[in-house]
Number of protein chains: 2
Amino acid sequence: MTDTLPPDIDATENRPYHHGDLRRALIEAARAIIVRDGAQALSLRGVAREAGVSPAAPYHHFKDKQELMLAVGKLGFEELGEVMEAEIRRVGGAVAERITAIGVAYVLFARDNPALYRLMYDCSRNMEALPPEMHEKDHSAYAIVRNAMIEAGRASPDSEIDVELATIAAWCSAHGIAEMGGFAQFAPLKEALGGELNFYRELLKRTGNFQAR
Amino acid sequence: MTDTLPPDIDATENRPYHHGDLRRALIEAARAIIVRDGAQALSLRGVAREAGVSPAAPYHHFKDKQELMLAVGKLGFEELGEVMEAEIRRVGGAVAERITAIGVAYVLFARDNPALYRLMYDCSRNMEALPPEMHEKDHSAYAIVRNAMIEAGRASPDSEIDVELATIAAWCSAHGIAEMGGFAQFAPLKEALGGELNFYRELLKRTGNFQAR
DNA sequence: AAGATGATCTTGACAGCGTTCAGATGAATT
DNA sequence: AATTCATCTGAACGCTGTCAAGATCATCTT
(Lines give C-alpha, C1' and ligand atoms only; values in the text may rest on other atoms or scores of the structure.)
Protein backbone atom coordinates (compact mmCIF):
# COMPACT_ATOMS: atom_id res chain seq x y z
CA MET A 1 0.00 0.00 0.00
CA THR A 2 2.89 2.29 0.65
CA ASP A 3 5.30 1.22 -2.06
CA THR A 4 4.94 0.41 -5.70
CA LEU A 5 8.31 -0.03 -7.33
CA PRO A 6 10.22 -2.46 -5.08
CA PRO A 7 7.87 -5.23 -3.99
CA ASP A 8 9.79 -6.48 -0.96
CA ILE A 9 10.19 -3.54 1.39
CA ASP A 10 8.84 -3.69 4.90
CA ALA A 11 10.68 -0.56 5.92
CA THR A 12 13.00 -2.18 8.44
CA GLU A 13 14.58 -5.40 7.14
CA ASN A 14 15.92 -6.93 3.96
CA ARG A 15 16.25 -3.50 2.52
CA PRO A 16 19.03 -2.82 0.04
CA TYR A 17 21.43 -0.01 0.81
CA HIS A 18 19.60 2.22 -1.58
CA HIS A 19 15.93 2.49 -0.92
CA GLY A 20 14.59 2.87 -4.42
CA ASP A 21 11.98 5.54 -3.94
CA LEU A 22 12.72 7.02 -0.57
CA ARG A 23 11.35 10.42 -1.44
CA ARG A 24 7.86 9.10 -2.05
CA ALA A 25 8.13 6.77 0.95
CA LEU A 26 9.03 9.69 3.21
CA ILE A 27 6.11 11.78 1.98
CA GLU A 28 3.69 8.93 2.52
CA ALA A 29 5.12 8.11 5.94
CA ALA A 30 4.80 11.75 6.97
CA ARG A 31 1.25 11.87 5.68
CA ALA A 32 0.39 8.73 7.62
CA ILE A 33 1.86 10.08 10.86
CA ILE A 34 0.08 13.40 10.50
CA VAL A 35 -3.27 11.77 9.77
CA ARG A 36 -2.82 9.23 12.55
CA ASP A 37 -1.22 11.23 15.37
CA GLY A 38 -1.60 14.88 14.41
CA ALA A 39 0.80 17.51 13.24
CA GLN A 40 2.44 17.99 16.61
CA ALA A 41 3.59 14.37 16.62
CA LEU A 42 5.36 14.71 13.30
CA SER A 43 9.14 14.62 13.63
CA LEU A 44 11.62 14.22 10.84
CA ARG A 45 13.37 11.48 12.82
CA GLY A 46 10.07 9.73 13.31
CA VAL A 47 9.37 9.84 9.60
CA ALA A 48 12.82 8.40 8.87
CA ARG A 49 12.18 5.72 11.50
CA GLU A 50 8.86 4.79 9.92
CA ALA A 51 10.52 4.59 6.53
CA GLY A 52 13.31 2.45 7.96
CA VAL A 53 16.20 4.79 7.22
CA SER A 54 18.65 6.79 9.30
CA PRO A 55 17.73 10.23 10.67
CA ALA A 56 19.98 11.95 8.13
CA ALA A 57 18.67 10.15 5.06
CA PRO A 58 15.80 12.56 4.38
CA TYR A 59 18.27 15.38 3.87
CA HIS A 60 19.23 13.89 0.52
CA HIS A 61 15.67 14.43 -0.72
CA PHE A 62 14.50 17.50 1.20
CA LYS A 63 16.66 20.36 2.34
CA ASP A 64 14.48 20.86 5.37
CA LYS A 65 11.73 19.46 7.51
CA GLN A 66 9.73 22.36 6.10
CA GLU A 67 10.30 21.16 2.57
CA LEU A 68 9.03 17.68 3.39
CA MET A 69 5.92 19.13 4.97
CA LEU A 70 5.44 21.27 1.87
CA ALA A 71 5.47 18.14 -0.25
CA VAL A 72 2.87 16.55 2.03
CA GLY A 73 0.72 19.65 1.69
CA LYS A 74 0.99 19.58 -2.08
CA LEU A 75 -0.12 15.96 -2.07
CA GLY A 76 -3.05 17.01 0.07
CA PHE A 77 -4.12 19.65 -2.45
CA GLU A 78 -4.06 17.03 -5.19
CA GLU A 79 -6.26 14.75 -3.11
CA LEU A 80 -8.62 17.63 -2.38
CA GLY A 81 -8.92 18.40 -6.07
CA GLU A 82 -9.70 14.78 -6.85
CA VAL A 83 -12.35 14.59 -4.14
CA MET A 84 -14.03 17.73 -5.42
CA GLU A 85 -13.96 16.54 -9.01
CA ALA A 86 -15.40 13.19 -7.99
CA GLU A 87 -18.21 15.00 -6.19
CA ILE A 88 -18.86 17.16 -9.26
CA ARG A 89 -19.18 14.04 -11.40
CA ARG A 90 -21.48 12.47 -8.83
CA VAL A 91 -24.06 15.26 -8.71
CA GLY A 92 -24.14 15.60 -12.47
CA GLY A 93 -25.11 18.64 -14.50
CA ALA A 94 -27.31 20.70 -12.18
CA VAL A 95 -25.38 23.91 -11.55
CA ALA A 96 -27.09 24.88 -8.31
CA GLU A 97 -26.47 21.51 -6.74
CA ARG A 98 -22.98 21.26 -8.10
CA ILE A 99 -21.67 24.41 -6.46
CA THR A 100 -23.14 23.43 -3.12
CA ALA A 101 -21.64 19.97 -3.49
CA ILE A 102 -18.21 21.50 -4.01
CA GLY A 103 -18.48 23.46 -0.78
CA VAL A 104 -19.70 20.43 1.14
CA ALA A 105 -16.91 18.27 -0.28
CA TYR A 106 -14.32 20.86 0.72
CA VAL A 107 -15.61 21.08 4.27
CA LEU A 108 -15.92 17.32 4.65
CA PHE A 109 -12.37 16.83 3.43
CA ALA A 110 -11.18 19.13 6.20
CA ARG A 111 -13.37 17.34 8.73
CA ASP A 112 -11.96 13.95 7.76
CA ASN A 113 -8.33 15.12 7.70
CA PRO A 114 -8.11 18.08 10.07
CA ALA A 115 -4.37 17.91 10.67
CA LEU A 116 -3.60 17.43 6.98
CA TYR A 117 -5.92 20.30 6.11
CA ARG A 118 -4.15 22.48 8.62
CA LEU A 119 -0.82 21.63 7.08
CA MET A 120 -2.18 22.46 3.64
CA TYR A 121 -3.24 25.84 4.91
CA ASP A 122 0.25 26.44 6.28
CA CYS A 123 1.67 25.52 2.90
CA SER A 124 -0.53 27.88 0.92
CA ARG A 125 0.05 30.92 3.10
CA ASN A 126 2.74 33.45 2.33
CA MET A 127 3.60 32.16 -1.09
CA GLU A 128 5.08 34.57 -3.59
CA ALA A 129 2.30 33.93 -6.05
CA LEU A 130 -0.60 31.55 -6.16
CA PRO A 131 1.00 28.16 -5.63
CA PRO A 132 1.16 25.96 -8.74
CA GLU A 133 -1.26 23.42 -7.34
CA MET A 134 -3.77 26.22 -6.89
CA HIS A 135 -3.88 27.68 -10.37
CA GLU A 136 -1.75 25.91 -12.96
CA LYS A 137 -3.84 22.95 -13.93
CA ASP A 138 -7.52 23.14 -14.71
CA HIS A 139 -8.00 20.21 -12.40
CA SER A 140 -6.62 22.10 -9.41
CA ALA A 141 -8.86 22.86 -6.47
CA TYR A 142 -8.58 26.58 -7.17
CA ALA A 143 -9.59 26.22 -10.80
CA ILE A 144 -12.53 24.05 -9.82
CA VAL A 145 -13.91 26.65 -7.43
CA ARG A 146 -13.18 29.41 -9.92
CA ASN A 147 -15.07 27.71 -12.71
CA ALA A 148 -17.93 26.92 -10.39
CA MET A 149 -18.21 30.59 -9.43
CA ILE A 150 -18.60 31.58 -13.08
CA GLU A 151 -21.03 28.80 -13.86
CA ALA A 152 -23.15 29.65 -10.84
CA GLY A 153 -23.40 33.27 -11.88
CA ARG A 154 -21.54 34.57 -8.85
CA ALA A 155 -19.06 36.43 -11.01
CA SER A 156 -18.98 37.91 -14.47
CA PRO A 157 -16.40 36.12 -16.60
CA ASP A 158 -15.64 39.46 -18.24
CA SER A 159 -14.18 40.93 -15.07
CA GLU A 160 -11.08 39.16 -13.84
CA ILE A 161 -11.26 41.07 -10.58
CA ASP A 162 -14.83 40.01 -10.05
CA VAL A 163 -14.00 36.38 -10.67
CA GLU A 164 -11.02 36.44 -8.34
CA LEU A 165 -13.01 38.14 -5.63
CA ALA A 166 -15.84 35.66 -5.88
CA THR A 167 -13.42 32.74 -5.77
CA ILE A 168 -11.51 34.12 -2.82
CA ALA A 169 -14.68 34.98 -0.95
CA ALA A 170 -15.96 31.45 -1.44
CA TRP A 171 -12.62 29.99 -0.42
CA CYS A 172 -12.53 32.08 2.74
CA SER A 173 -16.04 30.98 3.66
CA ALA A 174 -15.19 27.35 3.11
CA HIS A 175 -11.97 27.73 5.07
CA GLY A 176 -13.71 29.27 8.06
CA ILE A 177 -16.34 26.54 8.18
CA ALA A 178 -13.74 23.85 7.53
CA GLU A 179 -11.58 24.90 10.44
CA MET A 180 -14.23 25.88 12.95
CA GLY A 181 -16.99 23.43 12.07
CA GLY A 182 -15.21 20.62 13.87
CA PHE A 183 -15.14 22.39 17.22
CA ALA A 184 -16.37 20.13 19.95
CA GLN A 185 -18.54 22.87 21.43
CA PHE A 186 -20.77 22.81 18.36
CA ALA A 187 -21.82 19.21 18.93
CA PRO A 188 -25.15 20.08 20.61
CA LEU A 189 -26.08 22.39 17.75
CA LYS A 190 -25.27 19.69 15.23
CA GLU A 191 -27.61 17.32 16.98
CA ALA A 192 -30.33 19.94 17.15
CA LEU A 193 -30.04 20.30 13.38
CA GLY A 194 -30.27 16.56 12.80
CA GLY A 195 -26.68 15.71 11.92
CA GLU A 196 -23.52 17.51 11.09
CA LEU A 197 -24.14 17.38 7.35
CA ASN A 198 -27.15 19.62 7.84
CA PHE A 199 -25.02 21.80 10.09
CA TYR A 200 -22.43 22.30 7.37
CA ARG A 201 -25.05 22.84 4.69
CA GLU A 202 -26.76 25.47 6.80
CA LEU A 203 -23.52 27.32 7.45
CA LEU A 204 -22.59 27.24 3.76
CA LYS A 205 -26.06 28.51 2.90
CA ARG A 206 -25.79 31.41 5.34
CA THR A 207 -22.46 32.52 3.96
CA GLY A 208 -24.09 32.50 0.54
CA ASN A 209 -20.95 32.07 -1.48
CA PHE A 210 -21.79 28.51 -2.43
CA GLN A 211 -25.30 29.21 -3.67
CA ALA A 212 -26.16 29.75 -7.32
CA ARG A 213 -27.56 33.09 -8.35
CA MET B 1 5.82 48.33 30.04
CA THR B 2 6.06 44.70 30.98
CA ASP B 3 5.74 44.88 34.74
CA THR B 4 3.52 46.81 37.06
CA LEU B 5 3.95 45.65 40.63
CA PRO B 6 7.73 45.64 41.25
CA PRO B 7 9.22 48.78 39.73
CA ASP B 8 12.83 47.64 39.49
CA ILE B 9 12.90 44.50 37.38
CA ASP B 10 14.90 44.38 34.18
CA ALA B 11 14.53 40.65 33.86
CA THR B 12 18.19 39.71 34.23
CA GLU B 13 19.91 41.58 37.08
CA ASN B 14 19.21 42.89 40.55
CA ARG B 15 16.31 40.53 40.76
CA PRO B 16 15.37 39.11 44.12
CA TYR B 17 15.22 35.35 44.44
CA HIS B 18 11.46 35.47 44.22
CA HIS B 19 10.20 37.29 41.20
CA GLY B 20 7.05 38.86 42.51
CA ASP B 21 4.65 38.27 39.65
CA LEU B 22 6.37 35.73 37.46
CA ARG B 23 3.17 34.30 36.12
CA ARG B 24 2.12 37.53 34.52
CA ALA B 25 5.68 38.23 33.39
CA LEU B 26 5.84 34.86 31.63
CA ILE B 27 2.55 35.41 29.85
CA GLU B 28 3.65 38.83 28.65
CA ALA B 29 7.06 37.57 27.60
CA ALA B 30 5.45 34.75 25.64
CA ARG B 31 3.04 37.17 24.01
CA ALA B 32 5.91 39.44 23.06
CA ILE B 33 7.92 36.59 21.52
CA ILE B 34 4.94 35.31 19.55
CA VAL B 35 4.06 38.74 18.22
CA ARG B 36 7.69 39.53 17.41
CA ASP B 37 9.06 36.24 16.06
CA GLY B 38 6.04 34.04 15.37
CA ALA B 39 4.63 30.98 17.05
CA GLN B 40 7.33 28.66 15.80
CA ALA B 41 9.99 30.66 17.63
CA LEU B 42 8.24 30.32 20.96
CA SER B 43 10.07 28.03 23.35
CA LEU B 44 9.43 27.66 27.03
CA ARG B 45 13.13 28.07 27.70
CA GLY B 46 13.17 31.23 25.61
CA VAL B 47 10.27 32.64 27.58
CA ALA B 48 12.05 31.87 30.84
CA ARG B 49 15.21 33.47 29.44
CA GLU B 50 13.32 36.61 28.47
CA ALA B 51 11.81 36.77 31.94
CA GLY B 52 15.23 36.26 33.50
CA VAL B 53 14.49 33.02 35.30
CA SER B 54 15.71 29.43 35.04
CA PRO B 55 14.19 27.03 32.50
CA ALA B 56 12.37 25.16 35.26
CA ALA B 57 10.80 28.20 36.91
CA PRO B 58 7.68 28.33 34.68
CA TYR B 59 6.66 24.90 35.92
CA HIS B 60 5.65 26.41 39.24
CA HIS B 61 3.02 28.50 37.46
CA PHE B 62 2.01 26.37 34.49
CA LYS B 63 1.96 22.60 34.39
CA ASP B 64 2.84 22.64 30.72
CA LYS B 65 4.00 24.71 27.82
CA GLN B 66 0.49 24.17 26.54
CA GLU B 67 -0.99 25.77 29.64
CA LEU B 68 1.14 28.87 29.22
CA MET B 69 0.08 29.20 25.60
CA LEU B 70 -3.53 28.81 26.71
CA ALA B 71 -3.08 31.75 29.05
CA VAL B 72 -1.62 33.82 26.22
CA GLY B 73 -4.59 32.91 24.04
CA LYS B 74 -7.03 33.90 26.76
CA LEU B 75 -5.31 37.26 27.05
CA GLY B 76 -5.66 37.60 23.29
CA PHE B 77 -9.41 37.05 23.46
CA GLU B 78 -9.69 39.75 26.08
CA GLU B 79 -7.79 42.15 23.84
CA LEU B 80 -9.96 41.22 20.88
CA GLY B 81 -13.10 41.91 22.90
CA GLU B 82 -11.76 45.30 23.93
CA VAL B 83 -10.87 46.22 20.35
CA MET B 84 -14.31 45.29 19.12
CA GLU B 85 -16.05 47.20 21.90
CA ALA B 86 -13.92 50.24 21.21
CA GLU B 87 -14.90 50.05 17.55
CA ILE B 88 -18.58 49.76 18.49
CA ARG B 89 -18.32 52.88 20.60
CA ARG B 90 -16.54 54.66 17.78
CA VAL B 91 -19.16 54.11 15.10
CA GLY B 92 -22.00 55.01 17.45
CA GLY B 93 -25.61 53.93 17.20
CA ALA B 94 -26.14 53.06 13.55
CA VAL B 95 -26.85 49.33 13.52
CA ALA B 96 -25.91 48.69 9.90
CA GLU B 97 -22.54 50.33 10.29
CA ARG B 98 -21.91 48.83 13.68
CA ILE B 99 -22.15 45.22 12.56
CA THR B 100 -19.85 45.83 9.65
CA ALA B 101 -17.41 47.63 11.93
CA ILE B 102 -17.32 44.58 14.19
CA GLY B 103 -16.37 42.33 11.29
CA VAL B 104 -13.72 44.74 10.09
CA ALA B 105 -12.27 45.09 13.59
CA TYR B 106 -12.09 41.33 13.95
CA VAL B 107 -10.30 40.88 10.65
CA LEU B 108 -7.90 43.74 11.28
CA PHE B 109 -7.01 42.34 14.69
CA ALA B 110 -6.00 39.10 13.01
CA ARG B 111 -4.06 40.98 10.33
CA ASP B 112 -2.12 42.94 12.94
CA ASN B 113 -1.39 39.92 15.15
CA PRO B 114 -1.46 36.88 12.86
CA ALA B 115 0.56 34.58 15.10
CA LEU B 116 -1.37 35.58 18.20
CA TYR B 117 -4.65 35.09 16.35
CA ARG B 118 -3.52 31.65 15.27
CA LEU B 119 -2.71 30.76 18.85
CA MET B 120 -6.11 31.97 19.94
CA TYR B 121 -7.70 29.71 17.38
CA ASP B 122 -5.70 26.77 18.70
CA CYS B 123 -6.90 27.61 22.19
CA SER B 124 -10.57 27.75 21.30
CA ARG B 125 -10.67 24.51 19.37
CA ASN B 126 -11.65 21.25 20.98
CA MET B 127 -12.87 22.71 24.23
CA GLU B 128 -15.48 20.79 26.17
CA ALA B 129 -17.88 23.69 26.05
CA LEU B 130 -17.65 27.23 24.80
CA PRO B 131 -14.63 28.62 26.62
CA PRO B 132 -15.40 31.09 29.41
CA GLU B 133 -13.90 34.02 27.54
CA MET B 134 -16.28 33.31 24.68
CA HIS B 135 -19.60 33.28 26.47
CA GLU B 136 -19.47 34.10 30.17
CA LYS B 137 -19.21 37.84 30.23
CA ASP B 138 -21.36 40.14 28.15
CA HIS B 139 -18.19 41.90 27.14
CA SER B 140 -16.71 38.76 25.57
CA ALA B 141 -16.05 38.68 21.87
CA TYR B 142 -18.65 35.96 21.42
CA ALA B 143 -21.35 37.91 23.23
CA ILE B 144 -20.55 41.01 21.18
CA VAL B 145 -21.03 39.19 17.90
CA ARG B 146 -24.09 37.43 19.22
CA ASN B 147 -25.78 40.66 20.27
CA ALA B 148 -24.85 42.26 16.99
CA MET B 149 -26.50 39.41 15.08
CA ILE B 150 -29.76 39.99 16.94
CA GLU B 151 -29.63 43.76 16.58
CA ALA B 152 -28.91 43.50 12.87
CA GLY B 153 -31.90 41.26 12.33
CA ARG B 154 -29.83 38.31 11.21
CA ALA B 155 -31.43 36.05 13.81
CA SER B 156 -34.68 35.94 15.71
CA PRO B 157 -34.04 36.35 19.44
CA ASP B 158 -36.87 33.89 20.06
CA SER B 159 -34.98 30.99 18.55
CA GLU B 160 -31.83 30.09 20.40
CA ILE B 161 -30.78 27.80 17.56
CA ASP B 162 -31.21 30.57 15.05
CA VAL B 163 -29.12 32.96 17.12
CA GLU B 164 -26.36 30.44 17.61
CA LEU B 165 -26.30 29.56 13.94
CA ALA B 166 -26.14 33.19 12.88
CA THR B 167 -23.32 33.87 15.35
CA ILE B 168 -21.34 30.82 14.31
CA ALA B 169 -21.85 31.55 10.63
CA ALA B 170 -20.59 35.08 11.11
CA TRP B 171 -17.68 33.85 13.18
CA CYS B 172 -16.70 31.32 10.54
CA SER B 173 -16.83 33.96 7.82
CA ALA B 174 -14.68 36.31 9.85
CA HIS B 175 -12.25 33.52 10.67
CA GLY B 176 -11.82 32.54 7.04
CA ILE B 177 -11.16 36.10 5.95
CA ALA B 178 -8.96 36.74 8.97
CA GLU B 179 -6.70 33.79 8.23
CA MET B 180 -6.62 33.93 4.44
CA GLY B 181 -6.89 37.67 3.84
CA GLY B 182 -3.25 38.17 4.72
CA PHE B 183 -1.95 35.80 2.05
CA ALA B 184 0.79 37.42 0.06
CA GLN B 185 -0.69 36.25 -3.22
CA PHE B 186 -3.69 38.54 -2.72
CA ALA B 187 -1.57 41.68 -2.75
CA PRO B 188 -2.27 42.54 -6.42
CA LEU B 189 -6.00 42.22 -5.87
CA LYS B 190 -5.80 44.48 -2.83
CA GLU B 191 -4.11 47.13 -4.90
CA ALA B 192 -6.67 46.76 -7.68
CA LEU B 193 -9.37 47.44 -5.11
CA GLY B 194 -7.62 50.51 -3.78
CA GLY B 195 -6.27 49.27 -0.46
CA GLU B 196 -6.64 46.27 1.75
CA LEU B 197 -9.38 47.85 3.82
CA ASN B 198 -11.61 47.83 0.75
CA PHE B 199 -10.51 44.28 0.10
CA TYR B 200 -11.62 43.16 3.54
CA ARG B 201 -14.87 45.13 3.33
CA GLU B 202 -15.67 43.57 -0.02
CA LEU B 203 -15.03 40.05 1.25
CA LEU B 204 -17.15 40.64 4.36
CA LYS B 205 -19.90 42.04 2.15
CA ARG B 206 -19.85 39.00 -0.12
CA THR B 207 -20.14 36.59 2.78
CA GLY B 208 -23.14 38.58 3.88
CA ASN B 209 -23.02 37.61 7.51
CA PHE B 210 -21.88 41.04 8.62
CA GLN B 211 -24.55 42.99 6.78
CA ALA B 212 -27.76 44.20 8.44
CA ARG B 213 -31.04 42.85 7.15
C1' DA C 1 35.42 -4.91 -18.69
C1' DA C 2 37.38 -1.69 -15.50
C1' DG C 3 37.57 2.36 -13.35
C1' DA C 4 35.68 6.83 -12.09
C1' DT C 5 31.80 9.58 -10.77
C1' DG C 6 28.16 10.98 -8.15
C1' DA C 7 23.93 9.98 -5.83
C1' DT C 8 22.31 7.74 -1.81
C1' DC C 9 22.56 6.16 2.87
C1' DT C 10 24.93 5.66 7.73
C1' DT C 11 27.44 6.98 11.73
C1' DG C 12 28.45 10.25 15.01
C1' DA C 13 28.12 14.61 16.73
C1' DC C 14 26.17 19.30 18.16
C1' DA C 15 23.06 22.61 20.22
C1' DG C 16 18.50 23.35 21.70
C1' DC C 17 14.10 21.68 23.25
C1' DG C 18 10.35 20.10 27.07
C1' DT C 19 10.32 18.12 31.33
C1' DT C 20 11.59 16.25 35.94
C1' DC C 21 13.80 16.08 40.45
C1' DA C 22 16.60 17.16 44.35
C1' DG C 23 18.00 20.97 46.73
C1' DA C 24 18.48 26.24 47.78
C1' DT C 25 16.00 30.38 49.10
C1' DG C 26 13.15 33.27 51.61
C1' DA C 27 8.27 35.06 52.73
C1' DA C 28 4.60 33.93 55.69
C1' DT C 29 2.77 31.63 59.67
C1' DT C 30 3.08 29.83 64.17
C1' DA D 1 12.57 32.30 66.67
C1' DA D 2 11.26 28.14 64.49
C1' DT D 3 8.69 26.01 60.97
C1' DT D 4 6.27 25.62 56.86
C1' DC D 5 5.59 26.05 52.17
C1' DA D 6 5.58 28.29 47.76
C1' DT D 7 9.06 29.70 44.70
C1' DC D 8 13.32 29.40 42.18
C1' DT D 9 17.91 27.02 40.72
C1' DG D 10 21.09 23.40 38.80
C1' DA D 11 21.69 19.29 36.75
C1' DA D 12 20.06 15.71 34.22
C1' DC D 13 17.16 12.79 30.77
C1' DG D 14 15.61 11.70 26.18
C1' DC D 15 14.05 13.90 22.35
C1' DT D 16 14.52 16.99 18.30
C1' DG D 17 16.57 19.28 13.65
C1' DT D 18 20.68 19.55 11.34
C1' DC D 19 25.35 18.84 9.66
C1' DA D 20 29.96 16.76 8.31
C1' DA D 21 32.61 12.69 7.19
C1' DG D 22 32.69 8.33 5.51
C1' DA D 23 30.50 3.92 3.48
C1' DT D 24 27.95 1.88 -0.33
C1' DC D 25 26.46 1.19 -4.80
C1' DA D 26 24.23 2.31 -9.48
C1' DT D 27 25.56 4.42 -13.55
C1' DC D 28 28.47 6.42 -16.98
C1' DT D 29 32.87 6.78 -19.40
C1' DT D 30 36.62 4.87 -21.57
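Quantities reported herein were computed from a predicted structural model and do not represent experimental measurements. So you know, we letter chains A, B, ... as the sequences are listed, proteins then strands, and number each from 1.
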**Prompt:** Between the main-chain N or O of B:Leu165 and the side-chain N or O of A:Arg206, is there a donor-acceptor pair closer than 3.5 Å?
**Reply:** no

**Fill in**
Separation of D:dC25 atom P from A:Leu22 atom CG, nearest Å, is 16 Å

**Request:** Take atom CD of B:Glu191 as the centre, draw a 6.0 Å sphere, and report whether it contains more than 12 heavy atoms from other residues, nucleotides or ligands.
**Result:** no

**Message:** Is it the case that the ring center of A:Tyr121 lies less than 6.0 angstrom away from the ring center of B:Phe183?
**Reply:** yes

**Gap between atoms CG and P, on B:Leu44 and C:dC17 respectively (whole Å)** = 10 Å

**Prompt:** For A:Arg23 and C:dA7, what is the distance between atoms CZ and C1' respectively, to the nearest whole Å?
**Reply:** 15 Å

**Message:** Tell me whether B:Glu85 is salt-bridged to B:Arg90, with the criterion being a basic N under 4.0 Å from an acidic carboxylate O.
**Reply:** no

**Request:** Would you mind reading off the distance between B:Glu50 atom CD and C:dC17 atom C1', rounded to a whole angstrom?
**Result:** 17 Å

**Request:** Please name the residue in the list A:Tyr106, A:Tyr117, A:Phe109 that meets the ring pair (Phe, Tyr, Trp, His ring centres under 6.0 Å) test with A:His175.
**Result:** A:Tyr117

**Item:** Residues A:Arg98 and A:Glu87 bridged, charged N to O under 4.0 Å
**Value:** no

**Distance in angstrom units between A:Leu68 CG and D:dT16 P, rounded** = 15 Å

**Request:** Indicate yes or no: does A:Arg36 engage A:Glu50 in a salt bridge with an N to O separation below 4.0 Å.
**Result:** yes

**Request:** For DNA chain D, find the residues of residues 31-42 of chain A with a heavy-atom distance under 4.0 Å and give them by number; none if there aren't any.
**Result:** none

**Item:** A:Val53, nearest nucleotide to its side chain (from D:dG17, C:dG18, C:dT10)
**Value:** C:dT10

**Sole residue of B:Ile27, B:Leu70, B:Leu44 in side-chain contact (heavy atoms from CB on, under 4.5 Å) with B:Phe62** = B:Ile27

**Asked** Around A:Lys205, counting heavy atoms of other residues, nucleotides and ligands shown, do more than 12 lie under 6.0 Å from its NZ?
**Response** no

**Request:** Taking only Lys NZ, Arg NE, NH1 and NH2, and the carboxylate oxygens of Asp or Glu, determine whether A:Glu179 and A:Arg118 approach each other closer than 4.0 Å.
**Result:** yes

**Prompt:** To the nearest angstrom, how far is A:Asp21 atom CG from C:dT8 atom C1'?
**Reply:** 13 Å

**Donor-acceptor under 3.5 Å (A:Gln211 side chain, A:Ala152 main chain)** = no

**Prompt:** Going by heavy atoms closer than 4.0 Å, what residues in residues 56-67 of chain B are next to DNA chain C?
**Reply:** B:Ala56, B:Tyr59, B:Asp64, B:Lys65

I'd like a table of atom pairs between the protein and nucleotides 13-15 of chain D - only N or O on both sides, under 3.5 Å - with the distance next to each one.
none

